[in-house]
Amino acid sequence: MTTPSGVRDPARLSGRATPPTLLHHRVTAWFSEEARELPWRDPACSPWGILVSEVMLQQTPVVRVLPVWSEWLERWPTPGELASEPAGAAVRHWGRLGYPRRALRLHAAASAIVLQHGGVVPSTREDLLALPGVGAYTAAAVAAFAYGRRETVVDTNIRRVHARLFAGSALPAPALTAAEMRRAEELLPEDDALSVRWNAAVMELGAVICTARAPACGSCPVQDACAWVAAGRPAPDHVPKGQAWAGTDRQVRGAMVAVLRAAESPLPRALLIRGPLDLGSGPPPGITSAGPDQLPGALGALHGLQAPAEQHERALAGLLSDGLAEETDGSIHLPS
DNA sequence: CAGCCGTGGTT
DNA sequence: TAACCAAGGCT
């Protein structure tokens with residue numbers, strides 16, 4: 001089998017200044033043809049729009065982010081506009097994206113951007129990293145995609161592509177290793193613009209072709225250079241540890257936040273711990289037909305879990321501790 | 001650093 | 001259907 005570039009040659013990988021290779025060309029050319037048209041990839045998209053997208057995309061699929069992102073950018077076109085509202089508004093409009101603490105952190109990031117950066121999303125990895133909810137991946141991604149900087153962007157897609165293409169493994173290690181970072185740095189083209197395109201292209205390749213479950217190797221632009229394919233696509237050597245869900249505090253917290261999002265005014269604490277007792281003329285207990293985004297349905301879902309009151313107490317304490325909820329005069333509400 | 005933090009579509 | 005998985009971050 002012919003190797004289309006010298007990248008698989010260890011001598012190349014050990015070099016500092018990596019020149020563009022045929023591999024770079026193939027992947028970026030594929031990206032030019034096949035990239036999905038996503039709103040945050042529009043050249044007119046602001047750095048703020050890109051930051052919001054990156055945070056929303058943390059552990060959340062693109063298709064679910066799209067409508068919420070559009071609503072956010074319409075409602076809060078700049079960090080200043082989000083920062084001028086209570087944090088609870090961010091949580092409320094987070095919808096069902098999951099991990100609602102991200103909304104809280106994005107709101108805090110907006111405030112920091114206003115107070116410390118004059119309302120302009122910072123452009124360096126270091127300044128971005130100091131923002132709440134912005135870690136190594138998001139900082140590099142925003143610096144690269146919003147400001148055209150040459151950064152080593154490593155997300156789960158890029159890790160998987162590298163693991164297969166170069167290491168011949170089905171999946172990357174459970175946690176990002178120093179060796180992986182080093183390899184990603186060495187693969188990064190020297191040219192700023194090309195490096196940005198390379199980062200985006202490899203990420204897209206992992207998201208669309210080199211997927212975790214059923215990779216479409218037949219459509220891959222670098223299939224003939226892939227060590228994993230060459231090895232006969234061996235199965236993963238480690239079993240990913242699944243995360244429990246049913247019966248966990250997380251499940252109760254999630255249902256509880258859904259109730260707070262759906263509520264237009266503070267709710268009596270007892271309503272979150274016991275059943276939906278007094279909703280005025282409100283719904284009878286156990287009603288779920290109203291849907292998860294309406295108060296009766298959200299309350300029905302929370303109490304339909306049949307979790308012990310102690311677990312409700314623990315979940316609520318966690319929410320209060322995390323700042324996802326506040327208590328005023330015995331009533332619970334989203335943060336102000 | 002291992003565990004925790006949501007949600008819903010897919011297999 | 002239970003399990004897996006999705007542009008991670010924080011403690």
Side-chain angles (χ1 to χ4, degrees), chain A residues 35-36 38-41 49-69 91 94-106 108-109 128-146 151-161 170-178 184 196 199-208 210-215 236 238-261 291-293 298 301-302 305 314-315 318-319 321-324:
Chain A
R36 293 167 293 177
L38 302 173
W40 44 86
R41 284 181 178 161
I50 291 174
L51 173 59
V52 171
S53 80
E54 291 297 347
V55 174
M56 288 184 172
L57 287 164
Q58 291 167 3
Q59 302 286 282
T60 304
V62 167
V63 288
R64 208 175 308 163
V65 165
L66 281 168
V68 181
W69 181 88
V91 176
W94 194 249
R96 306 186 66 80
L97 287 184
Y99 293 143
R101 52 176 57 183
R102 291 182 293 166
L104 217 49
R105 291 176 182 150
L106 208 34
L128 286 160
L129 207 44
L131 297 174
V134 176
Y137 161 74
T138 303
V142 172
F145 302 140
E151 300 287 344
T152 305
V153 179
V154 179
D155 77 324
T156 185
N157 288 308
I158 292 178
R159 292 189 65 211
R160 188 173 53 249
V161 171
L171 295 174
L176 178 62
T177 67
V196 171
N199 281 326
V202 177
M203 201 177 313
E204 183 77 352
L205 188 66
V208 175
C210 195
T211 57
R213 291 279 187 94
H238 61 87
V239 290
K241 58 178 177 74
Q243 40 192 3
W245 175 247
T248 61
D249 288 2
R250 281 169 93 172
Q251 188 183 31
V252 177
R253 281 176 57 121
M256 208 170 271
V257 172
V259 169
L260 296 178
R261 265 200 320 263
D293 294 327
L302 172 62
L305 295 176
R314 195 163 57 238
L319 294 179
S321 167
D322 287 350
L324 276 167

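Within the 4.0 angstrom heavy-atom criterion, no nucleotide atom of any strand lies near Trp94(A). Counting non-hydrogen atoms under 4.0 angstrom, Arg160(A) reaches the backbone sugars and phosphates but no base. Residue Ala175(A) is out of contact with every strand shown, counting any heavy-atom pair closer than 4.0 Å. Residue-level contact check: Thr211(A) touches neither bases nor backbone, having no heavy atom under 4.0 Å from any strand. Nucleic acid contact class of Leu97(A) (heavy atoms, under 4.0 Å, all strands): base. Contacts of Gly135(A) with the nucleic acid, taken as non-hydrogen atoms under 4.0 Å apart, involve only primed sugar atoms and P, OP1 or OP2. Residue Ala141(A) is out of contact with every strand shown, counting any heavy-atom pair closer than 4.0 Å.
The main-chain N or O of Trp94(A) is never found under 3.5 Å from a side-chain atom of Arg261(A) such that the two would form a donor-acceptor pair. Between the Asp155(A) side chain and the Asn157(A) main chain, a donor and an acceptor come within less than 3.5 Å of each other. Checking side-chain atoms of Arg105(A) against main-chain N and O of Pro100(A) turns up no donor-acceptor pair under 3.5 Å. No donor-acceptor pair under 3.5 Å is formed between the side chain of Asn199(A) and the backbone N or O of Ala144(A).
If you measure from atom OH of Tyr137(A) to atom P of dC10(C), you get 14 Å, rounded to the nearest angstrom. Distance, Glu204(A) CD to dA7(C) P: 10 Å, rounded to whole Å. In this structure, Leu176(A) places its CG atom 16 Å from C1' of dC10(C), rounding to the nearest Å. Between Arg41(A) atom CZ and dA7(C) atom P there is a gap of 11 Å when expressed in whole angstrom units. Between Leu106(A) atom CG and dG8(C) atom C1' there is a gap of 14 Å when expressed in whole angstrom units. Atom-to-atom, CG of Asn157(A) to C1' of dA6(C) comes out at 8 Å; the value is rounded to the nearest Å. Atom pair Leu128(A):CG and dG9(C):C1' shows a separation of 15 Å (rounding to whole Å applied). Between Leu324(A) atom CG and dC10(C) atom C1' there is a gap of 14 Å when expressed in whole angstrom units.
On the nucleic acid side, DNA chain B has its first and last nucleotide under 4.0 Å of a heavy atom of chain A at dC5(B) to dT11(B), going 5' to 3'.
Taking atom P in both dG8(B) and dG9(C), one finds a spacing of 23 Å when rounded to whole Å. dA7(C) and dT11(B) have their P atoms separated by 15 Å, given to the nearest Å. Taking the C1' atom of each, dC1(B) and dC5(B) are spaced 16 Å apart, rounded to whole Å.
A donor atom on one side chain and an acceptor atom on the other are found under 3.5 Å apart for Tyr99(A) and Arg250(A). In this model, no donor atom of one side chain and acceptor atom of the other lie less than 3.5 Å apart for Thr211(A) and Arg160(A).
With rounding to the nearest 0.5 angstrom, the CG atom of Leu106(A) is 11.5 Å from the CD atom of Glu54(A). Here OG1 of Thr156(A) is found 11.0 Å from CE of Met203(A). Values are rounded to the nearest 0.5 Å. For the atom pair CZ of Arg314(A) and CZ of Arg253(A), the computed distance is 11.5 Å after rounding to the nearest 0.5 Å. If you take CE on Met56(A) and CZ on Arg64(A), they are separated by 13.0 Å, rounding to the nearest 0.5 Å.
When each of Arg213(A) and Arg36(A) is assigned the nucleotide of DNA chain C bearing its nearest heavy atom, the one mapping closer to the 5' terminus is Arg213(A). Taking for each of Val134(A) and Leu171(A) the nucleotide of DNA chain C with the nearest heavy atom, the 5'-most of the two is the partner of Leu171(A).
A heavy atom closer than 4.0 Å to some atom of DNA chain B occurs in Gln59(A), Thr60(A), Arg64(A), these being the qualifying members of residues 50-65 of chain A.
Listed pair Thr156(A) / dC5(C) fails the phosphate criterion, with no side-chain N or O lying under 4.0 Å from OP1 or OP2.
Arg41(A) has a carboxylate O that lies under 4.0 Å from a charged side-chain N of Glu204(A), or vice versa, which qualifies the two as a salt bridge.
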